[in-house]
Novice: 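Have a look at this one.
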Amino acid sequence: MIKQYLKQALRLLGENKLLSVISIIGTALAICMVMVIVILYIAKTAGFRPEVNRDRTYYLSVAMSVGKDDGRRLSFGSIGLPLIRECYYPLECAKVTTAIIRDRWNNQSALSMDGLKSSNGKVIQTDPAFWKLFSFDFIEGKPFTEADFDSGIRTVVLSEHVARALFGSEQAVGKEMKLNFNVFRVCGVVKDVSRFANTAWAEMWIPYTAGMEYNAYWSEGINGHFNCCVLLKEGVTEEELRREVQSRIAKFNSTLSDCKADIGYQPNSQIVEWLNGGNEGKADMAGAFLRYGIILFILLLVPAFNLSGITLSRMRKRIAELGVRRAFGASKGNIIGQVLFENLVFTLVGGLLGLCFSYVAIWLLRDWLLVTSLGDAGLSGGMLNGYVFLAAFLFCLVMNLMSAGIPAWRVSQVNIIDSINN
């Protein structure tokens, strides 16, 4: 039966080429608009290298210090190292905890030792746990070691394009360079990282003990220059992590004299961090998903109405054929199933075309769509995975039901005698 329906659908494609082209292009444009939103959402939230553990990673980005006596706000911003050492590094719920210093706005100057070659780029200052949480592709060498970190030895991991700019190739391990006029030894070179890997992305990575900012903090150690990422142990829930964090914060506050730390509703999951990272209030996730849902529904509904008219027009020409089928015992359900299946072929062809259009649209509009807080991101591997194709298929099914459901039902309700006479 399915094979027969498929043959019928393919025959219909060739019978009225104009209507077929209009149906396919209309579907493609609708799916294209929807998939642009979906692809960007997946790139922001799904795991891909080096951020392969996004589903189990939680973020502690900010802290607020308030007066112990009067509760007045003293400061709000990134986290100080004392708070991290007392509250976040010892977390029992965490498999890995890493602390990161990043200047999102200013590039750092990297120079070859002779000063003839240079490259300006973003730098992350971090700890050895960073390399356990994030999975980088090393072209050569390895991350800096615990010994390098503990000793504050100036070692650096370079991205491949920085290595090529300074040394002419990715073969840079063991060579020296200057970063902000301090001499660093290259210990590893990694493949370039997409800027959609918002937490792990940089162009150079050094131990934070090799810098100067890590010991700068205020409000009795509550605020400083750090953000924290926590990878949950298997089987540990977000709520268990939140309870342990709040317990350790309360214990830390008991040791302070004039102020106390307030971290609000943190730690944040990947989705919450993307939508609400750095804000004090609780993220309205239900409202955010509702807004996305309404946008997607409207993007599908408007073209579906237009396509349903085309589908109904095509079905009216086949009323007599469908009436004969009813006369030979086909049920209304069989008729509806046939119409939906035949239209699904049109929808899937249009959906595949629309998915291709969506990548073209993202590339053409890259100056608007692919700009992150870290700069231009470009197309990335995170935009091309099984979730994208699954989402495209599901939206094709929804589009098919919306555009062909009513015509299929109306055609199935026509009286058998009237159908044959038509």
Side-chain angles (χ1 to χ4, degrees), residues 49-52 78 81 84 89 96-216 224-229 372-375 377:
R49 297 180 76 89
E51 297 183 2
V52 295
S78 299
L81 186 58
I84 291 172
Y89 274 150
V96 177
T97 301
T98 183
I100 298 167
I101 298 176
R102 162 188 275 140
D103 185 344
R104 291 182 177 271
W105 313 113
N106 299 309
N107 287 331
Q108 308 297 318
S109 176
L111 296 169
S112 60
M113 292 302 291
D114 57 13
L116 298 178
K117 297 178 180 179
S118 65
S119 179
N120 293 327
K122 295 291 193 299
V123 176
I124 278 181
Q125 302 177 45
T126 187
D127 51 34
F130 179 87
W131 307 103
K132 299 175 183 177
L133 178 56
F134 301 112
S135 298
F136 287 80
D137 293 314
F138 274 82
I139 298 172
E140 186 187 26
K142 58 184 180 180
F144 51 79
T145 64
E146 290 277 359
D148 294 337
F149 176 79
D150 293 339
S151 303
I153 295 175
R154 289 178 175 150
T155 54
V156 60
V157 175
L158 302 179
S159 62
E160 58 181 317
H161 81 270
V162 173
R164 284 195 299 267
L166 297 182
F167 303 106
S169 74
E170 296 88 353
Q171 310 306 310
V173 171
K175 297 179 181 179
E176 292 185 332
M177 55 167 281
K178 292 180 181 178
L179 181 59
N180 290 335
F181 306 104
N182 293 308
V183 177
F184 281 77
R185 176 180 56 83
V186 179
C187 63
V189 178
V190 298
K191 289 183 178 179
D192 289 339
V193 177
S194 168
R195 283 178 171 85
F196 278 108
N198 195 51
T199 305
W201 179 82
E203 290 155 301
M204 293 165 276
W205 298 262
I206 65 174
Y208 66 66
T209 52
M212 301 295 293
E213 294 117 315
Y214 76 100
N215 267 329
H225 297 286
F226 285 92
N227 306 130
C228 251
C229 299
T372 71
S373 61
L374 302 171

Novice: Could you state the interatomic distance from CG (Asn106) to NZ (Lys122), rounded to the nearest 0.5 Å?
Specialist: 7.5 Å

Novice: Grab the two heavy atoms, one from Gln108 and one from Val123, that are nearest each other, plus how far apart they are.
Specialist: CG-CG2, 3.4 Å

Novice: Backbone N or O of Phe196 within a donor-acceptor pair of the Ser194 side chain at under 3.5 Å?
Specialist: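 Pair found, side chain donor or acceptor close to backbone of Phe196.
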
Novice: So, Thr126 side chain and Ala99 main chain: donor-acceptor pair closer than 3.5 Å or not?
Specialist: yes

Novice: Which pair of heavy atoms, one from Leu166 and one from Ser119, lies closest together, and at what distance?
Specialist: CD2-N, 4.0 Å

Novice: Decide yes or no for Trp205 and Ser159: does some side-chain heavy atom of the first lie under 4.5 Å from some side-chain heavy atom of the second?
Specialist: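 The answer is yes; the side chains approach within 4.5 Å.
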
Novice: Does the gap between the ring centers of Phe138 and Trp131 come in under 6.0 Å?
Specialist: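 Distance test on ring centres: under 6.0 Å, yes.
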
Novice: Are the side chains of Pro207 and Thr155 in touch, meaning some heavy atoms are under 4.5 Å apart?
Specialist: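 Counting from C-beta outward, Pro207 and Thr155 do come under 4.5 Å.
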
Novice: Out of curiosity, Gln125 CD to Ile101 CD1, how far, rounded to the nearest 0.5 Å?
Specialist: 4.5 Å

Novice: Parallel, tilted or perpendicular: which fits the ring planes of Tyr208 and Tyr214, with parallel below 30° and perpendicular above 60°?
Specialist: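 Taking Tyr214 first and then Tyr208, their aromatic rings sit tilted (interplane angle of 30° to 60°).
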
Novice: Between Cys229 and Leu133, which heavy-atom pair has the shortest distance, and what is it?
Specialist: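 So the two residues come closest at CB-CD2, 3.5 Å.
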
Novice: Which pair of non-hydrogen atoms, one from Met113 and one from Glu176, has the smallest distance, and what is that distance?
Specialist: CG-O, 3.3 Å

Novice: In Å, rounded to the nearest 0.5 Å, how long is the span from CZ of Phe167 to OG of Ser112?
Specialist: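 The CZ atom of Phe167 sits 7.5 Å away from the OG atom of Ser112.
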
Novice: Name the one of Phe136, Phe144, Phe149 that satisfies ring pair (Phe, Tyr, Trp, His ring centres under 6.0 Å) with Phe130?
Specialist: Phe136

Novice: Could you tell me the separation between the CG atom of Asn227 and the CD1 atom of Ile100, rounded to the nearest 0.5 Å?
Specialist: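 Atom-to-atom, Asn227:CG and Ile100:CD1 are 7.0 Å apart.
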
Novice: Closest heavy-atom contact between Glu51 and Thr199?
Specialist: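 Closest pair (atom of Glu51, atom of Thr199, distance): OE2-N, 2.8 Å.
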
Novice: How long is the span from the CD atom in Glu213 to the CZ atom in Arg102, to the nearest 0.5 Å?
Specialist: 13.5 Å

Novice: Rounded to the nearest 0.5 Å, how far apart are CZ of Arg185 and NZ of Lys175?
Specialist: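 Between atom CZ of Arg185 and atom NZ of Lys175 there are 14.0 Å.
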
Novice: Any side-chain heavy atom of Met177 within less than 4.5 Å of one from Val183?
Specialist: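 No, too far: nothing below the 4.5 Å cut-off.
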
Novice: Please tell me if the side chains of Pro128 and Thr145 come closer than 4.5 Å, counting only heavy atoms from C-beta onward.
Specialist: no

Novice: Looking at Lys191 and Glu160, what are the two nearest heavy atoms and their distance?
Specialist: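 Of all heavy-atom pairs spanning Lys191 and Glu160, the closest is CA-OE2, 3.4 Å.
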
